[in-house]
Amino acid sequence: MSQSVALRYKSQPARVQARSEEPALNSYMQSHAAQAQRSPQVFWCPDVVSTRDLGLAGVDAVLHLAGIMKSRPEDFRHTLSGRQMVMFFEKPSLRTRLTFESGMISLGGTAMFVDQKHEPLDAREKLSDVAHNLERWVDVIVLRTFTHETITAMAEHAGIPVINALSDLEHPCQALADYLTLQERFGDLKNICLAYVGDGNNVAHSLLLTCACLGSSIRVATPPGYEPNTEIVRATREIAEETGAVIELLNDPHTAVAGADAVYTDAWASMGQESEAGMRAQIFPPYQVNSRLMTEAASHAVFMHCLPAHRGQEVTDDVIDSPQSVVFDQAENRLHVQKAILYLLLGGGSRRLPARSAHA
Ligand code: CP
Ligand code: NVA
């Protein structure tokens, strides 16, 4: 959808107008000067298909607002009252499904889940027809798909916000929760280095883009042939030029982890790659995060994983169960960042800045 069409549909006053009680909420946020200095409620974008839709201002707004929502959930209890969210998932989920449902309900809205594992979302009818039905019934669409373009196309056609709950290319909500976790642990994200070790997959892509938006540092070590997507790397480097982020792509896990503040890994075979699992199990063992590899990171380093973990493959029990592990903090923060995204996209704040980036 072009910017003008997006504005015509996605900023319809009836759908996104601030509710009458929200000035009080916004004045609460503004009165809490230390936290509200940067007024995150002024940010708005039509969709979160990619981290690129949020950009620097949006990533900052989501992290800032998520922190406030986490500490004062009761202040947001009814802010999305009457709003309806529908979720279509082509792949399994524990965390994403439940944190979106719980988050929407805790903001006063309602959530509907459609198990779409039996066939792609566009198998029964044209995706644009699905979109034009949904926009008549609900306020926001959350999609977990194989093909990233399914989510891009839904955002093009639907006149209501669309949120990426994981595609083969990106997992934006995950990386936002991960960086909120790092911010809680270390404070200024510009001063830390995250080492991602394993497959150059959707999670790695979203960590790269989020790191770039935040001006932080990341080293990604993958086996040759499993490097991150070149278009994602190009976009990451372009953003990094603006923010000063340090992006290093490597093949050696030891170089990546050396002195790092956080060590992150993910499945060697993602959902949809099950047929490659045997072959990947031969290639990836040098990238296993075990206690030996963790000793090469900083002594204060944390271990991170988006979950589900394949214990004994990409991570050993002694690492994921160690005091260094923050995997359940990451899982908890999914709830808070997704509440912030829903609030911002559905016009929970008093002002919105219409903006839309291309979904590459
Ligand atoms: N991390 C994550 O997205 O978990 P689920 O697949 O359980 O949603
Ligand atoms: N890379 C993993 C992430 C799961 C949350 C997958 O896509 O299966």
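What you see below is based on every heavy atom in this structure, not just the backbone, and it leaves out hydrogens, waters and symmetry mates. Quantities reported herein were computed from a predicted structural model and do not represent experimental measurements. When a ligand or atom number is given, it counts from 1 through the structure's own listing order.
Contacts between S270 and ligand 2, counted as non-hydrogen atom pairs separated by less than 4.0 Å, involve both the backbone and the side chain. Contacts between L307 and ligand 2 below 4.0 angstrom, taking non-hydrogen atoms only, involve the backbone exclusively. Neither the backbone nor the side chain of T96 comes within contact range of ligand 2; no heavy atom lies under 4.0 Å.
Put simply, no part of L166 is less than 4.0 Å from ligand 1, judged by heavy atoms.
Using a 4.0 Å cut-off between charged nitrogen and carboxylate oxygen, D188 and K190 do not count as a salt-bridge pair. Electrostatic pairing of R185 and D261 does not count as a salt bridge here, judged by no charged N lying under 4.0 Å from a carboxylate O.
Counting only heavy atoms of the protein, atom 7 (O) of ligand 2 lies nearest to N202 ND2, 2.8 Å. Residue, atom and distance of the protein heavy atom nearest to atom 3 (C) of ligand 2 are D266 OD2, 3.6 Å. Atom 4 (O) of ligand 1 has R95 NE, 2.8 Å as its closest protein atom, hydrogens excluded (heavy atom only). With hydrogens left out, the protein atom closest to atom 8 (O) of ligand 2 is M271 N, 2.8 Å, a heavy atom.
Judged by the 6.0 Å distance and 45° axis criteria, R97 is not positioned over the aromatic ring of F89.
More than 12 heavy atoms of other shown residues, nucleotides or ligands fall within 6.0 angstrom of atom CZ in R237.
Near N201, the atoms of ligand 2 lying under 4.0 angstrom from a non-hydrogen atom of the residue are 1 (N). Atoms of ligand 1 lying under 4.0 Å from at least one heavy atom of R334, given by number and element, are 1 (N), 2 (C), 3 (O). Atoms of ligand 1 found under 4.0 Å from any heavy atom of L94, numbered from 1 in the order shown, are 5 (P), 7 (O), 8 (O). Heavy-atom proximity to L166, at under 4.0 Å, picks out these atoms of ligand 2: 3 (C), 4 (C), 5 (C), 7 (O).
Y196 and Y264 have tilted rings, their planes meeting at an angle from 30° to 60° on a 0 to 90° scale.
The shortest N or O to N or O distance between M271 and ligand 1 is not below 3.5 Å. In terms of polar-atom proximity, defined here as any N/O pair under 3.5 Å, R97 makes no such contact with ligand 1.
Side-chain atoms of E231 and N229 include no donor-acceptor pair closer than 3.5 Å.
When the heavy-atom distances from atom 6 (O) of ligand 1 to Q174, H171, R144 are ranked, the shortest goes to R144.
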Given side chain to side chain donor-acceptor pair (under 3.5 Å), test T181 with D329 step by step and report yes or no. CA-CA 6 Å; T181 307; D329 294 333; over 6 Å; no
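Residues Y226 and Y287 place their aromatic rings such that the two centres sit no closer than 6.0 Å.
Here the side chains of V326 and E184 are not in contact, with every heavy-atom distance at 4.5 Å or above. Using a 4.5 Å heavy-atom threshold, the side chains of W268 and M279 count as separate.
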